[in-house]
2 protein chains.
Amino acid sequence: MKNLKMKFARMERNLSQIELAKKVGVTRQTIGMIEAGDYNPTLKLCIAICRELGKTLDDLFWEEDRNNEEEKNVYG
Amino acid sequence: MKNLKMKFARMERNLSQIELAKKVGVTRQTIGMIEAGDYNPTLKLCIAICRELGKTLDDLFWEEDRNNEEEKNVYG
DNA sequence: ACGAAATGTCAATTATATTTTGCATTTATA
DNA sequence: TATAAATGCAAAATATAATTGACATTTCGT
């Protein structure tokens, strides 16, 4: 599902996908795909994004209730 | 650096690396390397481990103070 | 001390995250 | 309305997470 929490945190800081991507050392496509969901970033990229946006992992990447999830994969 | 928080959380649940690996759908080597540090798991694997151990991402994978970190990489 | 289970580690392979390039679409602003 | 910036999307290539198999070492109960 879409990661709106990350998208909103980025917009709060007035950063474009391109700017955030540059700050954390990836391409804008990677940022776009994470916000669009259906993507599985690495832990260290998640941490880099959190630190850039002033949030924690739980703030941006943790979902308390997984019953309504839309996607399933090997780790789901 | 070593992820002792994850190791202790696993031991609290009386799970071997082999048992935890089977529960989250990876091999024991993957679990071992995450606990040993110098490794960069995917977000969904981290989430699967958290749910199996009754912890959150911040509990197991977030470090408040990054000044004393030992390792550096592209995302550091 | 002994044996079994658990863990550490390494090389080679496979699966997949991320990049690169390119173009289409949307959004904001003059 | 027009123009540029921002975003969505997709195929092919590259980087790296994860597997597999094998053996060494540690840990722990008997």
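By convention in this document, chain letters (A, B, ...) are assigned in the order of the sequence lines, proteins followed by strands, and residues within each chain are numbered from 1.
Residue B:Met33 contributes atom CE, which lies 9 Å from atom P of D:dA17 at whole-angstrom precision. Rounded to whole Å, atom P of C:dA6 lies 10 Å from atom CD of B:Gln17. Atom OH in A:Tyr39 sits roughly 5 Å away from atom P in C:dT18 (whole-Å rounding). Regarding B:Leu43, its CG atom lies at a distance of 15 Å from the C1' atom of C:dT18, rounded to whole Å. Summarising the geometry, the separation between CD on B:Glu19 and P on C:dT7 is reported as 9 Å, rounded to the nearest angstrom. Distance B:Ile18 CD1 to C:dG8 P: 11 Å, rounded to the nearest Å. Atom-to-atom, NZ of A:Lys44 to P of D:dA15 comes out at 19 Å; the value is rounded to the nearest Å. If you measure from atom NZ of B:Lys22 to atom P of D:dT20, you get 13 Å, rounded to the nearest angstrom.
Using a 4.0 Å heavy-atom distance criterion, B:Thr27 is classed as a base contact. Across all strands shown, A:Gln29 has heavy atoms under 4.0 Å from base atoms, whether or not it also approaches the sugar-phosphate.
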Collect all protein-nucleotide pairs involving nucleotides 23-30 of chain C in which both atoms are nitrogen or oxygen and the distance is under 3.5 Å.
none

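Judged by distance alone, with hydrogens and angles left aside, the side-chain atoms of A:Glu19 form a donor-acceptor pair with the main-chain N or O of A:Ser16 at under 3.5 Å. Although no hydrogens or angles enter the test, the distance criterion places a donor-acceptor pair under 3.5 Å between the side chain of A:Asn40 and the main chain of B:Lys44. In this structure, B:Lys5 contributes its side chain and B:Trp62 its backbone to a donor-acceptor pair below 3.5 Å.
In terms of the side chain to side chain donor-acceptor pair (under 3.5 Å) criterion, residue partners of B:Gln17 (sequence neighbours excluded) are, by chain and number, B:Glu35. A search for side chain to side chain donor-acceptor pair (under 3.5 Å) contacts involving B:Thr30 returns B:Thr27, not counting sequence neighbours. Not counting sequence neighbours, the partners of A:Asp58 by the side chain to side chain donor-acceptor pair (under 3.5 Å) test are B:Thr56.
Cluster note: A:Met11 groups with A:Leu4, A:Phe8 through ILVMFWY side-chain heavy atoms spaced under 4.5 Å, whether in direct contact or through intervening members.
Regarding contacts with the backbone of C:dT19, a side-chain N or O of A:Thr30 is found under 4.0 angstrom from either OP1 or OP2. Taking side-chain N and O atoms only, B:Ser16 has no distance below 4.0 Å to OP1 or OP2 of C:dA5.
When each of C:dT7, C:dT19, D:dA17 is scored by its nearest atom to the side-chain atoms of A:Val26, the top-ranked nucleotide is C:dT19.
Residue B:Ile18 is not grouped with residue B:Ile49 when hydrophobic side chains (ILVMFWY) are merged at heavy-atom distances under 4.5 angstrom, including chains of intermediate members.
Each end of the helix from C:dA1-D:dT30 to C:dA30-D:dT1 gets its own axis from five base pairs, and the two axes differ in direction by 70°, given to 10 degrees.
Among all heavy-atom pairs drawn from A:Asn3 and A:Ile34, the shortest one is CB-O, 3.6 Å.
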